[in-house]
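Worksheet for the structure shown next.
Predicted model, so just to flag it, every value in this text is computed and none were measured.
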Amino acid sequence: MWHLRESAHAVLTDEGGAILGEHSGRWYFLTPTASAAVMLLLASTSQEEAADRFAERYGIGAERAATDVRAVARMLTAHGLTRDAAPPRACRRWRRWWP
């Protein structure tokens with residue numbers, strides 16, 4: 001399953017969208033089709049299912065839809081905005097520096 005990180009805040013509409021990367025402070029703006037791909041990725045159980053729904057929505061071939069959906073997923077992953085299905089690891093923020 002595909003997820004955005006907790007530190008990624010998305011505003012997605014049919015007219016486009018934007019995702020704020022909290023750690024970087026950057027906004028990533030999406031075209032209407034990229035926004036639709038993200039919405040389908042978030043609502044689907046796999047990238048393949050999202051690509052099938054994308055192809056149906058836009059009336060394009062399955063191969064083209066899969067390429068487009070993978071490209072959007074790769075771009076967001078490359079910018080550190082996604083996480084895999086595994087729950088996030090607990091991390092210790094405070095360490096004892098003395099013996």
Side-chain angles (χ1 to χ4, degrees):
M1 205 164 189
W2 195 84
H3 301 279
L4 291 174
R5 288 192 178 277
E6 290 179 12
S7 61
H9 306 282
V11 178
L12 305 169
T13 69
D14 288 334
E15 289 81 35
I19 301 174
L20 171 63
E22 189 176 288
H23 293 298
S24 67
R26 292 189 63 194
W27 282 96
Y28 300 90
F29 296 98
L30 306 171
T31 64
T33 52
S35 182
V38 172
M39 286 190 276
L40 291 171
L41 282 163
L42 293 171
S44 300
T45 57
S46 67
Q47 281 191 23
E48 293 78 21
E49 180 185 341
D52 291 342
R53 293 171 69 188
F54 192 81
E56 183 179 316
R57 179 176 181 162
Y58 289 103
I60 60 176
E63 187 175 316
R64 175 62 192 213
T67 300
D68 291 349
V69 169
R70 276 194 307 267
V72 170
R74 262 195 314 267
M75 185 274 300
L76 295 176
T77 300
H79 289 289
L81 300 173
T82 63
R83 64 177 175 84
D84 57 15
R89 284 186 347 194
C91 65
R92 289 181 63 181
R93 291 183 178 248
W94 303 101
R95 292 193 176 139
R96 198 169 108 183
W97 296 100
W98 59 90

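Exactly one residue among Val69, Thr82, Val72 makes a side-chain contact (heavy atoms from CB on, under 4.5 Å) with Val38. That residue is Val72.
Pairing each heavy atom of Pro32 with each of Tyr58, the nearest pair is O-OH, 4.0 Å. The two residues Ala55 and Ala62 make their nearest non-hydrogen contact at CB-CA, 4.3 Å. Taking all atoms of both residues into account, the shortest heavy-atom contact from Ser7 to His23 is OG-CD2, 3.1 Å.
By the rule that hydrophobic residues join a cluster once side-chain heavy atoms approach within less than 4.5 Å of another member, Trp27 and Leu4 end up as members of separate clusters. Connection of Tyr28 to Leu40 is established within a shared hydrophobic cluster, with ILVMFWY side chains joined at heavy-atom distances below 4.5 Å, either directly or through further cluster members. Under the 4.5 Å side-chain contact rule for hydrophobic residues, Val11 and Leu81 do not share a cluster.
Taking CG of Leu30 as the reference point, atom CD1 of Ile19 lies at 5.0 Å (rounded to 0.5 Å). Within the model, atoms CZ of Arg83 and NE2 of His3 stand 5.0 Å from one another, a figure rounded to the nearest 0.5 Å. Atoms CZ and CG, from Arg57 and Asp52 in turn, are 15.0 Å apart once rounded to the nearest 0.5 Å. One finds the CZ atom of Arg53 at 10.0 Å from the CG atom of Leu41 (value rounded to the nearest 0.5 Å).
Atom CD of Glu22 sits in a crowded spot, with more than 12 heavy atoms from other residues, nucleotides or ligands closer than 6.0 Å.
At least one side-chain heavy atom of Leu42 sits less than 4.5 Å from a side-chain heavy atom of Trp2.
In terms of the side chain to side chain donor-acceptor pair (under 3.5 Å) criterion, Thr67 has no residue partners (sequence neighbours excluded).
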Derivation of the side-chain contact (heavy atoms from CB on, under 4.5 Å) call for Asp68 and Arg64: CA-CA 6 Å; Asp68 291 349; Arg64 175 62 192 213; 3.2 Å; yes
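Checking side-chain atoms of Ser35 against main-chain N and O of Thr13 turns up a donor-acceptor pair under 3.5 Å.
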